[in-house]
Amino acid sequence: MATTSSSADHKATIIDGKAIAQIIRSEIASEVQDLSKKCGKVPGLAVVIVGNRKDSQSYVSMKRKACAEVGIKSFDLDLPEDVSQDEVISKVHELNANPEVHGILVQLPLPKHINEEKVLTEISIDKDVDGFHPLNIGKLAMKGRDPLFLPCTPKGCLELLSRSGVSIKGKKAVVVGRSNIVGLPVALLLLKEDATVTIVHSRTPDPEHIIREADIIIAAAGQPMMIKGSWIKPGAAVIDVGTNAVDDSSRKSGYRLVGDVDFHEGCKVAGCITPVPGGVGPLTVAMLLKNTLDGAKRVISQTTDDGENSHGQYTNNDDEEEYFYAPGSLSKLQPRKVVSKARWYAKTEMAKVTIQKGSLWKTAGIARSGIVYCSIEEVLFLAEIGALLLLDDCSASSSLDDIYIQRLQIVKAGVGGSSLRLKKQLKSLGYIVRRHGVPWSFKGANSNESVSGKCALESGSVDLESENKRSIIEMFSGMQINEAWGYPPSKAEIEAPERQCVGVPLKFCQVEHGRVSLFSFDRVELPVLP
Ligand SMILES: Nc1nc2c(c(=O)[nH]1)N[C@@H](CN(C=O)c1ccc(C(=O)N[C@@H](CCC(=O)O)C(=O)O)cc1)CN2
């Protein structure tokens, strides 16, 4: 996705926004197709334009074309330049009420006689795919709050950084410009990602000096080629949001587009840099499609989850809990009266519990910002005993086989190289992540008791390296703990300790992500995997 300039002077990696956006668009297209196949629903985006601004018309037509390409249904509303503010607002209300519309965007800028803030505030926050509603921006500005949607261009800037391997945490980021559409939200977003953020604007003295300190520069000032090569710290990541038309008599159109950064000079100094055109612009459109798809998925799952209210809050009913655990038949789903529900959350490779029933949640899962997440192992265990339903995008419950397949995919992905991603995700969930592949063992605790394995990750709340190691062994003193298997264990690997146990119920102890899961079996019946 990134090409390095071949000339000796041009060292920066050029971030190809067009190619990255195309990948994202094809990912979205296949998700839209899946959604339509599984749920018979198609995401819908209303694209509203007021007046005849040439640039706005061109952006709107790009958005409508992109919708068609990925299978999103676009609802086109072209209003005349002299339309009244009330009329625009009443159209927005109609779109808010239309269940086929999952996202509404009003192209900006609006004509002078229309108050932008008043119109944007009327868009339902559930459909605010531009992320400009004051509530969404407010949440973006607050610690520990997550907006329903992020503004498209800022989200695109971060997507470009992450897909180019640029980490943000702890970096010095300078945002040039403080607009509501880009400068301000991108600064907030970088702050959420733990950068140290400075905003440089038209009244900042000596901007050059501040910009030169930055590891990451987001240029969104709307000033053609304002940032010179000498303003850039060698190796910095430069994301140029500017799209400025400058006269160019050599072009048929009479103009060409340039960014806020002098690209030619920037290439000589920066570590990586986006071009204009072909950098951030295509990501703006791709993120709009992504927001629309996410909005549609959210609505579809909310309307099909029974028991879950429209805000995705949880119900808990301890009194009704009934155990239908039938020893000896663990591989079969055990019906229970009280079943919790969860959804797979690909971002963290964990299931997000949407309905908690019973007291099992006092010990199961991990809570982060009031939401309980379960590892695939816990999902599998709870699904096996009939205490949890894992729902897919259409709220259909996944079969045990599906969950096993999901687990295998995760295991494979971990081995195949996405472990770094997993590590990052676990870190974001609050785990303390240790070095990979460092085995730990309890040599000498008891000749019969040795635990070893590839415990690479450690939970913040369970310090497996200290006295807890010993106490786990002591707690299960009657238990024989064997070498950990690779995942998943084969039938033969389970049968060996099973034979050794001669009638004593077998305990399967799994150490993963620094969490110890203990499963007790009378008899092991491995399900036949497809
Ligand atoms: N309601 C909104 N209005 C506006 C937004 C927005 O996100 N929501 N952003 C900008 C304009 N914009 C999208 O609307 C936008 C700008 C640029 C591009 C883009 O792809 N640019 C291309 C060059 C295109 C050309 O040649 O003219 C590029 O940079 O490669 C897409 C969308 C203001 N209004």
Side-chain angles (χ1 to χ4, degrees), residues 14-22 24-25 45-51 53-67 69 74 76-79 88 91-92 95 103-111 114 116-117 119-123 127-133 136-137 140 149-160 177 179-186 189 218-222 224 238-246 248 251-261 263 273-292:
I14 296 164
I15 301 172
D16 187 345
K18 227 172 153 183
I20 292 175
Q22 196 47 54
I24 296 171
R25 278 158 74 148
L45 174 66
V47 183
V48 181
I49 180 169
V50 181
R53 272 184 71 123
K54 257 198 151 162
D55 55 350
S56 292
Q57 282 186 331
S58 138
Y59 299 141
V60 159
S61 112
M62 280 159 63
K63 291 172 184 184
R64 289 171 178 166
K65 259 197 219 145
C67 279
E69 182 198 300
S74 80
D76 303 340
L77 208 59
D78 295 66
L79 299 170
V88 178
K91 293 289 178 199
V92 166
L95 295 167
I104 302 169
L105 88 85
V106 176
Q107 187 62 31
L108 301 178
L110 286 167
I114 297 177
E116 195 176 287
E117 186 191 349
V119 172
L120 296 180
T121 307
E122 292 304 317
I123 296 175
K127 300 191 179 189
D128 176 35
V129 284
D130 253 335
F132 295 155
H133 191 288
N136 275 327
I137 293 284
L140 180 60
F149 297 100
L150 293 173
C152 303
T153 305
K155 187 172 172 176
C157 292
L158 267 75
E159 192 73 36
L160 286 173
S179 70
N180 287 337
I181 294 186
V182 187
L184 186 70
V186 83
L189 203 45
I218 310 282
V238 180
I239 304 292
D240 192 351
V241 185
T243 325
N244 311 290
V246 295
D248 186 342
R251 303 277 174 107
K252 211 170 131 196
S253 61
Y255 73 91
R256 74 192 149 92
L257 290 180
V258 297
D260 289 354
V261 179
F263 183 71
I273 187 167
T274 58
V276 176
V280 178
L283 265 289
T284 298
V285 178
M287 291 302 109
L288 176 69
L289 303 174
K290 177 90 175 81
N291 279 353
T292 306

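Model, not experiment: these values are computed from the prediction. Each ligand, and each atom within it, is numbered from 1 in the order the structure gives. Position 1 is the first residue of the sequence, and the numbers go up from there.
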Any nitrogen or oxygen of [X] lying under 3.5 Å from a nitrogen or oxygen in ligand 1? Just yes or no.
X	answer
Val106	yes
Gly278	yes
Gln107	yes
Lys63	yes
Leu108	yes

Distance (rounded to the nearest 0.5 Å) between Gln57 CD and Ile49 CD1
5.0 Å
Atom pair CD/NZ of Gln107 and Lys63 - distance to nearest 0.5 Å:
4.0 Å
Note the single closest protein heavy atom to [atom], along with its residue, its atom name and the distance in Å.
atom	answer
atom 9 (N) of ligand 1	Ile181 CG2, 4.3 Å
atom 21 (N) of ligand 1	Gly281 CA, 3.8 Å
atom 32 (C) of ligand 1	Tyr59 CD2, 3.7 Å
atom 2 (C) of ligand 1	Asp130 OD2, 3.4 Å

Among [options], find the one that has a side chain to side chain contact (heavy atoms under 4.5 Å, CB included) with [X].
X	options	answer
Lys91	Val119, Val106, Ile104, Leu77	Leu77
Val280	Ile218, Ile239, Thr243, Ile15	Ile239
Leu105	Asp130, Asn291, Val48	Asp130

Close side-chain approach of [X] and [Y], heavy atoms under 4.5 Å:
X	Y	value
Pro282	Pro277	no
Thr274	Leu283	no
Val186	Pro151	no

Checking heavy atoms under 4.0 Å, the part of Pro282 that sits near ligand 1 is both
Heavy-atom protein neighbour under 4.0 angstrom from atom 16 (C) of ligand 1:
yes
Under 4.0 Å from one or more heavy atoms of Leu257, ligand 1 contributes atoms 23 (C), 25 (C), 26 (O), 27 (O)
Just which atoms of ligand 1 are under 4.0 Å from any heavy atom in Met62?
18 (C), 19 (C), 20 (O), 31 (C)
If you count every heavy atom of other residues, nucleotides or ligands that lies below 6.0 Å from Asn180 atom CG, does the total exceed 12?
no
